[in-house]
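Please read all numbers here as calculations on a predicted model, not as lab measurements. Position 1 is the first residue of the sequence; numbering continues from there.
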Amino acid sequence: MLVVGEALPGYLAPDRYAAWWNVLGAVLVAATLVVAVVPRQLGTWTFTALCVGIPILSAVLNAATFVAFEGPDADAAVPWVWALEPIAVSLLALRVPVVWAVSAALGAALLPTASGLLVLGHVPEAVLVLTPWHLANVAFVVIFAGIRVRLRAFGESEEAARRGAEEHARAESEVRRLAALGLLVHDEVLTVLAVAATTGRDGGDAVSDALRVEARHGLGLLGGAPAGRTAVAGSSGQVAASLSASLRRIDPTIVLDVETLDASPPPPDVVDVLARAAAEAVRNSLRHAGEGVTRRVAVRVGGLSVGVVVRDDGCGFTDLEGRDGRLGVREGILARVRAMPGGTAELRSAPGAGTTVLLGWSA
């Protein structure tokens, strides 16, 4: 409406202003129409450039009003591009801080006045009358800035609501997954483990001791009992005894050799890591060493060092680092101890020569 009703009539009287000024004014009109008609087809960078560039071009043209004026009566002259100022300052409010936009709106309203003073030595009457109205254009900036703030707050609340809905959906999905897993464990796994743990204790059924040990271990894990956790309170002797007892619970036939130094016990975390790794080594032997195997464990506990050696005379194997699927060897034994500061772990084995696991720690 401003372009058709006010800007175009002024543009159609080009003899009043220099040609270069009118050409730049036409560029201003074209850019304004682009933003008004096809804003959604513009990229973010292009839209921002127009929102900032249009006010700058408008300011340049208004500041050069009486430099470019060529008409007969300067006192009656009003720059036709001045009619687009409300649009220009409103666009600026969409892309710069509100304080900057308000300052630009007030300054832009005074540019034709400043041009008259500098070029003519006085302010033309027509410009002087219209200046207060153009100063009121700051209200457009305030309105658009307020809308911008409200829209931004609304967008943030929408985003927060979306994230909350996604988190709620994920939580519900996790609850359903855990419920299904709980039913599976209860109906399938627990039943199988319970049968395996109790069958054959009287010699009536051919269930191996290793299977019963593994079943009891699985039931302990599902029931919340820590795997391989050993008591660490008391002297080095008490620590060694507790560690030995935890291994004997896994394999009651194990042969133990325990040696302790008369010193304060090692750090609890160290004993816990070594106990878990040693327990996994014994269970691994039960799984893979074969029938009729003798397992021996040597435990040495002192204040500044701990050593545990697990040996069996079973079938042995060649995959010493567990690359061929022996996750328990690689992660449960070797990696667990090696990751501990001061921890060392070594696996020695060969087909037909049994397996030896050496675990240690020193301060």
Exercise. If only atom types and distance count, is the side chain of S115 paired as donor or acceptor with the main-chain N or O of A63 below 3.5 Å?
Worked result: yes

Exercise. Tell me, do Y17 and T65 make a side-chain contact under 4.5 Å, heavy atoms counted?
Worked result: yes

Exercise. Would I333 and L347 satisfy side chain to side chain contact (heavy atoms under 4.5 Å, CB included), going step by step from the backbone distance to the final call?
Worked result: CA-CA 9 Å; I333 302 176; L347 179 65; over 6 Å; no

Problem set entry | Exceeds 12 heavy-atom contacts within 6.0 angstrom, atom CH2 of W45 | no

Exercise. Does I87 share a hydrophobic cluster with L33, counting links as ILVMFWY side-chain heavy atoms below 4.5 Å and allowing steps through other members?
Worked result: yes

Exercise. If Ile, Leu, Val, Met, Phe, Trp and Tyr residues are connected whenever their side-chain heavy atoms lie under 4.5 Å apart, and connections chain through other members, are L50 and V27 in the same group?
Worked result: yes

Problem set entry | Geometric class of the W21/W80 ring pair [parallel <30°, tilted 30-60°, perpendicular >60°] | perpendicular

Seminar exercise, completed: d(L84 CG, W82 CH2) to nearest 0.5 Å is 13.0 Å

Exercise. If you measure from the Lys or Arg side-chain nitrogens to the Asp or Glu carboxylate oxygens, is any gap between R163 and E166 under 4.0 Å?
Worked result: no

Seminar exercise, completed: The reported gap from CZ in R295 to CZ in R248 (rounded to nearest 0.5 angstrom) is 12.5 Å

For this session: To the nearest 0.5 Å, tell me how far L243 CG sits from Q238 CD.
Result: 13.5 Å

Side-chain polar contacts of residues 88-112 - donor-acceptor pairs under 3.5 angstrom, sequence neighbours left out - could you list them?
unit_1 : atom_1 : unit_2 : atom_2 : d
S90    : OG     : P86    : O      : 2.7
R95    : NE     : T48    : OG1    : 2.9
S103   : OG     : V99    : O      : 2.9

Exercise. In terms of side-chain geometry, is the basic nitrogen of R162 or E158 positioned less than 4.0 Å from the acidic oxygen of its partner?
Worked result: no

Exercise. Taking all non-hydrogen atoms of both residues, which atom of W361 and which atom of G343 are closest, and how far apart?
Worked result: CD1-N, 4.1 Å

For this session: Give a yes or no answer on whether the side chain of R336 reaches the backbone of V273 with a donor-acceptor pair at less than 3.5 Å.
Result: no

For this session: Could you tell me which non-hydrogen atom of V81 sits nearest to which non-hydrogen atom of G25, and how far apart they are?
Result: CG1-CA, 4.0 Å

Problem set entry | For R150, side chain to side chain contact (heavy atoms under 4.5 Å, CB included) partners two or more places apart | none

Problem set entry | Residue pair A277 / V337: nearest heavy atoms and the distance that separates them | CB-CG2, 3.5 Å

Exercise. Hey, is CD on E125 packed in by over 12 heavy atoms from elsewhere, all under 6.0 Å?
Worked result: no

For this session: Verify, without hydrogens or angle tests, whether S244 (side chain) and A240 (backbone) share a donor-acceptor contact under 3.5 angstrom.
Result: yes

For this session: Go through the steps for R148 and R152 under the test side chain to side chain contact (heavy atoms under 4.5 Å, CB included), then give the verdict.
Result: CA-CA 6 Å; R148 178 186 176 188; R152 178 176 295 173; 3.1 Å; yes

Exercise. If you group Ile, Leu, Val, Met, Phe, Trp and Tyr by side-chain heavy-atom gaps below 4.5 Å, do V138 and L135 land in one group?
Worked result: yes

For this session: Please report the closest heavy-atom contact between P39 and F47, naming both atoms and the distance.
Result: CB-CE1, 4.3 Å

Exercise. Just by distance, do the side chain of S242 and the backbone of V239 share a donor-acceptor pair under 3.5 Å?
Worked result: no

For this session: Kindly compute the distance separating CG (L274) from CG (D269), expressed to the nearest 0.5 Å.
Result: 11.0 Å

Exercise. Is there a path of hydrophobic side-chain contacts, each under 4.5 Å between heavy atoms of I, L, V, M, F, W or Y residues, that connects L42 with I54?
Worked result: yes

Exercise. Between the main-chain N or O of A59 and the side-chain N or O of N62, is there a donor-acceptor pair closer than 3.5 Å?
Worked result: no

Exercise. Can you list every pair that meets ring pair (Phe, Tyr, Trp, His ring centres under 6.0 Å) and has a residue in residues 136-169, with sequence neighbours left out?
Worked result: none

Exercise. Residues in side chain to side chain contact (heavy atoms under 4.5 Å, CB included) with V38, at least two apart?
Worked result: V34, Q41

Problem set entry | D272 side chain vs P268 backbone, donor-acceptor pair below 3.5 Å | no

Exercise. Where is the tightest heavy-atom contact between A74 and P124, given as atom of each residue plus distance?
Worked result: O-CB, 3.5 Å

Seminar exercise, completed: Rounded to the nearest 0.5 angstrom, the CG-CD1 distance for L28 and I56 is 12.0 Å

For this session: Identify whether I143 and V149 are in the same connected component of the hydrophobic contact network (ILVMFWY, side-chain heavy atoms under 4.5 Å).
Result: no

For this session: With sequence neighbours left out, write down each residue that passes side chain to side chain donor-acceptor pair (under 3.5 Å) with T113, or none if nothing qualifies.
Result: T131

Name each donor-acceptor pair under 3.5 Å that joins a side chain in residues 298-314 to protein atoms two or more places apart or in another chain, with its distance.
unit_1 : atom_1 : unit_2 : atom_2 : d
R300   : NE     : E259   : OE1    : 2.8
R300   : NH1    : D257   : O      : 3.2
R300   : NH2    : D257   : OD2    : 3.1
D312   : OD1    : G314   : N      : 3.0
D312   : OD1    : T355   : N      : 3.2
D312   : OD2    : S285   : OG     : 2.8
D313   : OD1    : T294   : N      : 2.9

Problem set entry | R296, CZ atom: more than 12 neighbouring heavy atoms under 6.0 Å | no

For this session: Using modelled atom types only, decide if a donor and an acceptor are shared between the side chain of D251 and the backbone of L286 within a distance under 3.5 Å.
Result: no

Exercise. What is the distance from atom CG of L359 to atom CZ of R276, rounded to the nearest 0.5 Å?
Worked result: 14.0 Å

For this session: Evaluate side chain to side chain contact (heavy atoms under 4.5 Å, CB included) for V175 paired with E172, printing each intermediate quantity in order.
Result: CA-CA 5 Å; V175 168; E172 285 190 336; 5.6 Å; no

